[in-house]
Structures are given as C-alpha cells and as structure tokens.
Amino acid sequence: MPLSDTPLSVSHDVADALSSGTPVVALESTIISHGLPKSEALDAAHRFEQLLRDQGVVPATVAVLDGRMRAGLTESELERVATEDLPKLSMRDLPVVLARGGSGSTTVASTSFIADQAGIRVFATGGLGGVHRGAAQSFDESADLKTLSEVPITVVSAGVKSILDIPATLERLESLGVIVLGYGTAEFPGFWLSSSGQPLDWSVPDADAVAAVMESREQLEMCEGIIVANPLPVSEQLDPEVHDRALEEALRRAGEKQVEGKDVTPFLLSSIVELTAGRSLAVNLTIVENNIRVGAEIATAWARL
Ligand code: PSU
Ligand code: MN
C-alpha cells in the first residue's frame, strides 16, 4: 500500500527534516499520558522536545489522534496528549483504534512501529517494557520486546525498571535477536539505578559507534532493533536503599490488589512515586532527558553518515 493510503500523518517539520537530512528523534507519548502525573506532563513534554531542538534535532512526538498515526505533534496536539485521558496503545491496539477513528498514546512498541513507518531511525525514551516478575505463571511480557525484534529502530533507554524481571528480559532480547549496546558501560542499567548488575556482551563508547552499528545492520538487511542502554551517572541515581524498599512495597500492593495486564506498569510506577515521596519521579525525568541527549547525538551521527 502506498504511504499516502496509510493512516499516517507526518508533521511538516518532521517531513522537511527527513527529506533534507536534518536529524530527527522520535519520542513516545505513553510516558506523557501514563508515566507522569497530569500536573507535570505538559511541562515535561515541552522540555523533552526543547532539549532536542537545542541540539539541532527535530522532535517527533508520536501518538494516535482522531484515527491517524502522528509523527510530530502541533502544540495543541501535544496538549491533548498531556491532558486528555487517552488509552495506552500497544501494537495490537493500533488497527482497532484507527478503524474507529479514535486516539491514544503510544508505547515503545507502537512508537517504534510508527516512527519506522515515518522513516525515523532513532527514538529516545525512559525505560522499555519487558518480562514481568512471575511471568513463568502469568506470561506477562511486554509487546515492546517482540516489536523491537521486528522494527529496525534504535531506541535509547536506561534499561528496564526493576519492577520487571531484568535477567529474564535480557534472555528474551537475546532469543529475539535484539541488539543491545551498553552506552559507555558493560552492564545493563537498572533504570533508577545506574546498574542492574547484569553484564552485557557489547559496549560502545559514543554516538558514532552506535551509528556504525546501525549502518552495519542495514548492510546485513537485518530488521531487529538496537537498544542503546544508557545508564544514569551514579551521582544521579535513586538511593539504592530507598529504591529497594519502595520496590518491595509496590510489588506487594500490586499482588494484594491483583492488578493485571497492561495496568501493571502504570500501577507500579505510580506506587513507587508515592513511596519515594516523588524522588523516583525526579530521577525518572532526569533519565528521559539524559536519553534524549544521547538520542540527539546518535541521530546527528546517523545523519552525517
Ligand atoms: N517504562 C517506564 N515508563 C513507562 C513505560 C515503561 O519506565 O511509561 C511505558 C512505555 O510506554 C512502555 C510501556 O512501552 O510502558 C510498556 O507497557 P507494557 O508492559 O504494558 O507493554
Ligand atoms: Mn503486559
């Protein structure tokens, strides 16, 4: 199907940048609509985009609005994402919501898919979805993993949150053939903590090295995504003791309330914000900003190639 027939709208800014070789970085909207308190969401969405512009990169925040996939939002569209109660859309939700002319925020999976359809190669986020604790019983594994094995995007993240089973997530990424590069580290980051303690096979020193891997993947015509695992500096991580206590209590609450399915991630995240008196949220924002900076460097290095 020609691109003009697909329900995809690329903003003028983003389309111009893509055709002129100006670097573009995609941003997801689930962080904005579900990952942050409503009071913070719009400011954060603005800040994320501005950070990219400051580095000479065009931001492409991704969402679904009124039955169309969007890459690059206007001010009023960004406001809608931050203030309306939009459903969180993973891959399998896209055809249904598009068919109904509906709207929603996009996860890592659906953002990766839409960004790729728009021709965007780099995406910056906070943390990825992964294998949940207890997945051996519940089979709860984020569709992010499957999609990242099918879409040749490069996503910058601080690993996955400790609310998940991190070793199992890394095993699944290996099975799925997703490329994982430690950015200046040989250990997988632990989101709020600089390291999860899990070793990685590959580490890269800088954005040029990531762009070189992207080029090499392209030469091999591989479709698997690249995860650039970018840790927080130790000086900015959440106090490990505060982290461990909040995590334990949040998991206990989720078990007690029998939270299931796609509600698990937002429930645990908001519980941890409450249990750390907002500190996890401040660290969360720092993480996304850090990843955006690295995403901008990678997109710039890629545009140079
Ligand atoms: N991890 C975070 N913050 C988030 C998410 C993950 O630290 O907001 C969101 C992302 O959009 C991710 C999604 O793609 O949750 C994964 O949800 P699920 O496990 O339901 O696939
Ligand atoms: Mn799930």
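Numbering of ligands and ligand atoms starts at 1, following listing order.
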Hey, which atoms in ligand 1 end up nearer than 4.0 Å to a heavy atom of Thr107? 11 (O), 14 (O)
Within a distance under 4.0 Å of any heavy atom of Leu269, pick out the atoms of ligand 1 and give their elements. 2 (C), 3 (N), 4 (C)
Select the closest option to atom 6 (C) of ligand 1 among Ala109, Gly127, Ser29, Gly261, judged by heavy-atom distance. Gly127
Atom CD1 of Ile114 and atom CD1 of Ile120: how far apart are they, to the nearest 0.5 Å? 10.0 Å
Please determine if Arg217 and Glu224 form a salt bridge, counting it only when a charged side-chain N lies under 4.0 Å from a carboxylate O. no
Between the side chains of Thr106 and Ser110, is a donor N or O closer than 3.5 angstrom to an acceptor N or O? no
Which atoms from ligand 1 have a heavy atom of His132 less than 4.0 Å away? 19 (O)
Check ion pair Asp208-Arg304 (N to O, under 4.0 angstrom): yes
Could you go through residues 282-294 and list every donor-acceptor pair under 3.5 Å that involves a side-chain atom there, pairing it with any protein atom two or more places apart or in another chain?
unit_1: Thr286; atom_1: OG1; unit_2: Ala282; atom_2: O; d: 2.9
unit_1: Glu289; atom_1: OE2; unit_2: Arg47; atom_2: NE; d: 3.0
unit_1: Glu289; atom_1: OE2; unit_2: Arg47; atom_2: NH2; d: 3.3
unit_1: Asn290; atom_1: OD1; unit_2: Arg293; atom_2: NH1; d: 3.3
unit_1: Asn291; atom_1: OD1; unit_2: Asn230; atom_2: ND2; d: 3.0
unit_1: Asn291; atom_1: ND2; unit_2: Thr125; atom_2: O; d: 2.7
unit_1: Asn291; atom_1: ND2; unit_2: Gly126; atom_2: O; d: 3.3
unit_1: Asn291; atom_1: ND2; unit_2: Ile287; atom_2: O; d: 3.4

Can you tell if the side chain of Val131 reaches within under 4.5 Å of the side chain of Leu164, non-hydrogen atoms only? no
Looking only at protein heavy atoms, identify the closest one to atom 11 (O) of ligand 1 and say how far it is in Å. Glu28 OE1, 2.6 Å
Per-atom filter on ligand 1: closer than 4.0 angstrom to a heavy atom of Lys161 are 2 (C), 3 (N), 7 (O)
Nearest to atom 19 (O) of ligand 1, what protein heavy atom do you find, and at what distance? Thr265 OG1, 3.2 Å
heavy-atom search around atom 9 (C) of ligand 1 in the protein gives Thr30 CG2, 4.0 Å
I need the atoms of ligand 1 closer than 4.0 Å to a non-hydrogen atom of Asp144, numbered in the order shown. 12 (C), 14 (O), 16 (C)
Whether the Ser271 and Arg253 side chains hold a donor-acceptor pair (N or O, under 3.5 Å, no angle test) is what I'd like checked. no
Check each heavy atom of His34 against ligand 1 and say whether those closer than 4.0 Å belong to the side chain, the backbone, both or neither. neither
Quick one: do Arg53 and Glu49 make a salt bridge, cutoff under 4.0 Å? yes
Nearest protein heavy atom to atom 18 (P) of ligand 1, by residue and atom, and its distance? Lys88 NZ, 3.6 Å
Under a 4.0 Å threshold between the charged nitrogen and the carboxylate oxygen, would Glu249 count as salt-bridged to Arg252? yes
Do any nitrogen or oxygen atoms of Val108 come within less than 3.5 Å of a nitrogen or oxygen of ligand 1? yes
Compute whether any side-chain donor of one residue and acceptor of the other, for Thr30 and Ser105, lie under 3.5 angstrom apart. yes
Glu218 and Arg121 ion-paired at < 4.0 Å: yes
2.8 Å cut-off (strict), protein N, O or S atoms about the Mn ion (ligand 2): 1
Considering the heavy atoms of Phe191, write down every atom of ligand 1 situated less than 4.0 Å from one of them. 7 (O)
Taking atom 21 (O) of ligand 1 as the reference point, the nearest protein heavy atom with its distance: Ser142 OG, 2.7 Å
Quick one: OG1 on Thr154 to CE on Met214, what's the gap to the nearest 0.5 Å? 3.5 Å
What I want to find out is whether Arg80 reaches Asp66 closely enough, with some N-O distance under 4.0 Å, to be called a salt bridge. yes
